[in-house]
*Asks:* 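Have a look at the structure that comes next, please.
Quick caveat, the model's predicted, so the values are computed rather than measured. Heavy-atom basis, side chains included; hydrogens, waters and symmetry copies ignored.
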Amino acid sequence: MKKLVAEFIGTAWLVLGGCGAAVLAAGIPNIGIGLVGVSLAFGLTVLTGAYALGHISGGHFNPAVSLGLWAGGRFDAKELVPYIIAQVLGGAVGAGILYIIYTSGGQTISADPGAFATNFYDANVYGVNFGLVGALVIEIVMTFMFLIVILGATHKNASPGFGGMAIGLALTLIHLISIPVTNTSVNPARSTAVAIFAEANAMGQLWLFWVAPIVGAILAGFVYKLMAPNR
């Protein structure tokens with residue numbers, strides 16, 4: 001139970017910190033933090049969450065990470081479903097807190113793609129429409145590389161104590177690359193959490209932000225296990 005509580009809290013923190021930066025701080029005139037600030041916010045939530053809670057649950061905070069670690073031989077299959085449920089529920093609570101804050105002054109969530117930090121595909125949000133194929137490719141590849149970093153940074157032969165830093169910086173880099181394409185998911189729990197409070201269009205596109213991260217993560221797990229066996 002302690003592990004599940006840690007995953008719940010960590011995923012709630014990731015959604016509140018990362019999506020909160022995007023919703024509350026990114027677009028403020030003169031002081032808005034922009035794409036770089038939002039990217040750092042997501043990286044910092046994972047970095048701080050990993051050091052605070054990683055020793056309890058492993059610090060996954062992401063169904064794709066749990067599945068990738070399972071594919072890499074680092075996680076027990078019997079724990080997958082409980083972890084994923086805790087992550088989705090934690091993300092929903094984080095998004096719910098953000099929703100209360102955002103709407104407290106009478107503001108409403110726009111129906112536009114990307115509103116309330118939702119993920120999207122085949123939409124011109126930041127000046128370019130990269131299309132469905134581009135969204136699939138970038139989400140698969142970015143999640144693949146995220147898991148490669150996670151599996152490498154937490155391998156028994158890696159330098160101890162620096163795993164959380166490498167993982168947090170990797171997520172920052174991933175956001176810098178892919179925010180313009182999909183608003184960056186690489187995390188089905190994060191995508192689901194904000195889609196719950198957004199318009200129906202976000203929920204209708206949610207399938208991609210489950211399928212692509214899971215495919216990328218599982219591929220990375222199998223590939224890394226071949227390159228650097230745990231034994």
*Asks:* Please assess Ser178 against Glu139 for the test side chain to side chain donor-acceptor pair (under 3.5 Å), listing each intermediate value before the final yes or no.
*Replies:* CA-CA 8 Å; Ser178 58; Glu139 287 291 331; 5.1 Å; no

*Asks:* Looking at Asn124 and Asn129, would you say the former's side chain and the latter's main chain have a donor-acceptor pair under 3.5 Å?
*Replies:*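 No: the side chain of Asn124 does not pair with the backbone of Asn129.
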
*Asks:* Please check if Leu14 and Tyr51 belong to a single hydrophobic cluster, counting links between Ile, Leu, Val, Met, Phe, Trp and Tyr side chain heavy atoms closer than 4.5 Å.
*Replies:*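 No, because Leu14 and Tyr51 fall into different hydrophobic clusters, even though each may have its own neighbours under 4.5 Å.
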
*Asks:* Measure the spacing between OG1 of Thr184 and CD1 of Ile179 and express it to the nearest 0.5 Å.
*Replies:*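 The distance works out to 4.5 Å.
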
*Asks:* State, without any angle test, whether Glu7 and Ser57 hold a side-chain donor-acceptor pair at a distance under 3.5 Å.
*Replies:*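 The answer is yes; a qualifying pair exists.
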
*Asks:* Would you name the heavy atoms of Ile174 and Phe146 that are closest together and state the gap between them?
*Replies:*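 Looks like CD1-CB, 3.5 Å.
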
*Asks:* With a 3.5 Å cut-off and no angle check, do the side chains of Ser191 and Asn119 form a donor-acceptor pair?
*Replies:*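 Yes - a donor-acceptor pair under 3.5 Å links their side chains.
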
*Asks:* Quick one: closest heavy-atom pair of Ile109 and Ala198, and the distance?
*Replies:*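 Smallest interatomic distance, heavy atoms only, reads CG2-CA, 4.5 Å.
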
*Asks:* Do Asp76 and Trp70 come within less than 4.5 Å of each other through their side chains, counting heavy atoms only?
*Replies:*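 Result no, sub-4.5 Å side-chain heavy-atom pair not found.
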
*Asks:* Could you check whether any side-chain heavy atom of Pro180 comes within less than 4.5 Å of a side-chain heavy atom of Val128, counting everything from C-beta outward?
*Replies:*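 When only atoms from C-beta onward are counted, Val128 and Pro180 do not touch, as no gap falls below 4.5 Å.
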
*Asks:* Considering only heavy atoms from C-beta outward, does the side chain of Thr192 approach that of Leu206 to under 4.5 Å?
*Replies:*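 Yes, at least one pair of side-chain atoms sits under 4.5 Å.
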
*Asks:* Are any non-hydrogen side-chain atoms of Leu136 and Leu208 less than 4.5 angstrom apart?
*Replies:*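 In short, these two side chains touch, coming nearer than 4.5 Å.
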
*Asks:* Could you tell me whether the side chain of Ile150 reaches within less than 4.5 Å of the side chain of Leu69, counting heavy atoms only?
*Replies:*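 Of all side-chain heavy-atom pairs linking Ile150 with Leu69, at least one is under 4.5 Å.
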
*Asks:* Answer with yes or no whether the hydrophobic clustering places Val88 together with Ile97; edges join I, L, V, M, F, W, Y residues whose side-chain heavy atoms lie under 4.5 Å apart.
*Replies:*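 Shared cluster, yes.
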
*Asks:* Please give me the minimum heavy-atom distance between Pro113 and Phe120, naming the atom from each residue.
*Replies:*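 Looks like CB-CB, 4.2 Å.
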
*Asks:* Only counting residues at least two apart or in another chain, list the ones meeting ring-ring contact (aromatic ring centres under 6.0 Å, His included) with Tyr83.
*Replies:*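 For Tyr83 the ring-ring contact (aromatic ring centres under 6.0 Å, His included) partners, ignoring immediate neighbours, are His60, Phe75.
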
*Asks:* Quick check on Tyr102: does its OH atom have over 12 non-hydrogen neighbours (other residues, nucleotides or ligands) under 6.0 Å away?
*Replies:*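 Correct, the count exceeds 12.
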
*Asks:* Any non-hydrogen side-chain atom of Pro63 less than 4.5 Å from a side-chain atom of Asn187?
*Replies:*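 They are in contact (side-chain heavy atoms under 4.5 Å apart), so the answer is yes.
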
*Asks:* How many angstroms lie between atom OG1 of Thr45 and atom CG of Leu171, to the nearest 0.5 angstrom?
*Replies:*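 That separation rounds to 6.5 Å.
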
*Asks:* Taking all atoms of both residues into account, what is the closest heavy-atom pair of Gly73 and Lys225, and its distance?
*Replies:*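 Closest pair (atom of Gly73, atom of Lys225, distance): N-CD, 4.2 Å.
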
*Asks:* Could you work out, with side chain to side chain donor-acceptor pair (under 3.5 Å) as the rule, every residue matching Thr172, not counting sequence neighbours?
*Replies:*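 None.
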
*Asks:* Measure the shortest side-chain to side-chain distance between Val223 and Met227 over non-hydrogen atoms and say whether it is less than 4.5 angstrom.
*Replies:*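 They are in side-chain contact.
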
*Asks:* About how many Å separate CE of Met142 and CG of Leu147, when rounded to the nearest 0.5 Å?
*Replies:*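 Leu147 CG to Met142 CE: 12.5 Å, rounded to 0.5 Å.
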
*Asks:* Any chain of hydrophobic side-chain contacts (each under 4.5 Å) joining Leu44 to Ile167?
*Replies:*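 In one cluster with Leu44: Ile167, no.
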
*Asks:* Can Leu176 be reached from Met165 by stepping across I, L, V, M, F, W or Y side chains whose heavy atoms are under 4.5 Å apart?
*Replies:*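 No, Met165 does not connect to Leu176 through the hydrophobic network.
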
*Asks:* Check for me, please, whether Ile100 and Val194 land in the same ILVMFWY cluster - side-chain distances under 4.5 Å, paths through other members count.
*Replies:*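 Per the 4.5 Å side-chain linkage, Ile100 and Val194 are not co-clustered.
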
*Asks:* How far does CZ of Phe8 sit from CG of Leu53, to the nearest 0.5 angstrom?
*Replies:*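 Between Phe8 CZ and Leu53 CG, I get 12.5 Å after rounding to 0.5 Å.
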
*Asks:* Looking at every non-hydrogen atom in both residues, tell me the closest pair between Ser110 and Ala115 and how far apart they are.
*Replies:*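 Closest approach of Ser110 to Ala115, heavy atoms only: O-CB, 3.3 Å.
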
*Asks:* Any luck finding a side-chain donor-acceptor pair between Trp210 and Ser185 under 3.5 Å?
*Replies:*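 On atom types as modelled, these side chains do not qualify, holding no pair under 3.5 Å.
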
*Asks:* Among Val15, Val23, Thr103, which one satisfies side-chain contact (heavy atoms from CB on, under 4.5 Å) with Leu98?
*Replies:*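 Filter result, single survivor: Val23.
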
*Asks:* Start with the C-alpha gap between Phe42 and Arg190, add the side-chain angles, then the distance that decides, and say whether side chain to side chain contact (heavy atoms under 4.5 Å, CB included) holds.
*Replies:* CA-CA 11 Å; Phe42 273 101; Arg190 166 260 190 272; 4.0 Å; yes

*Asks:* How far does OG1 of Thr118 sit from CG of Asp112, to the nearest 0.5 angstrom?
*Replies:*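 The OG1 atom of Thr118 sits 9.5 Å away from the CG atom of Asp112.
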
*Asks:* Between Phe209 and Tyr121, what is the ring plane arrangement, given parallel below 30°, perpendicular above 60°, and tilted in between?
*Replies:*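 Tilted: the ring planes of Phe209 and Tyr121 meet at 30° to 60°.
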
*Asks:* Could you tell me which non-hydrogen atom of Pro188 sits nearest to which non-hydrogen atom of Asn62, and how far apart they are?
*Replies:*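 That would be CD-OD1, 3.4 Å.
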
*Asks:* Once rounded to the nearest 0.5 Å, what's the spacing between atom CE of Met145 and atom CD1 of Ile177?
*Replies:*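 It comes to 9.0 Å.
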
*Asks:* Taking the side chain as every heavy atom from C-beta outward, state whether Ile148 and Phe144 have any pair of such atoms under 4.5 Å apart.
*Replies:*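 Answer yes - side chains close enough.
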
*Asks:* Does the side chain of Arg74 come under 3.5 Å of the side chain of Thr154 through a donor N or O and an acceptor N or O?
*Replies:*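 Thr154 and Arg74 do have a side-chain donor-acceptor pair below 3.5 Å.
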
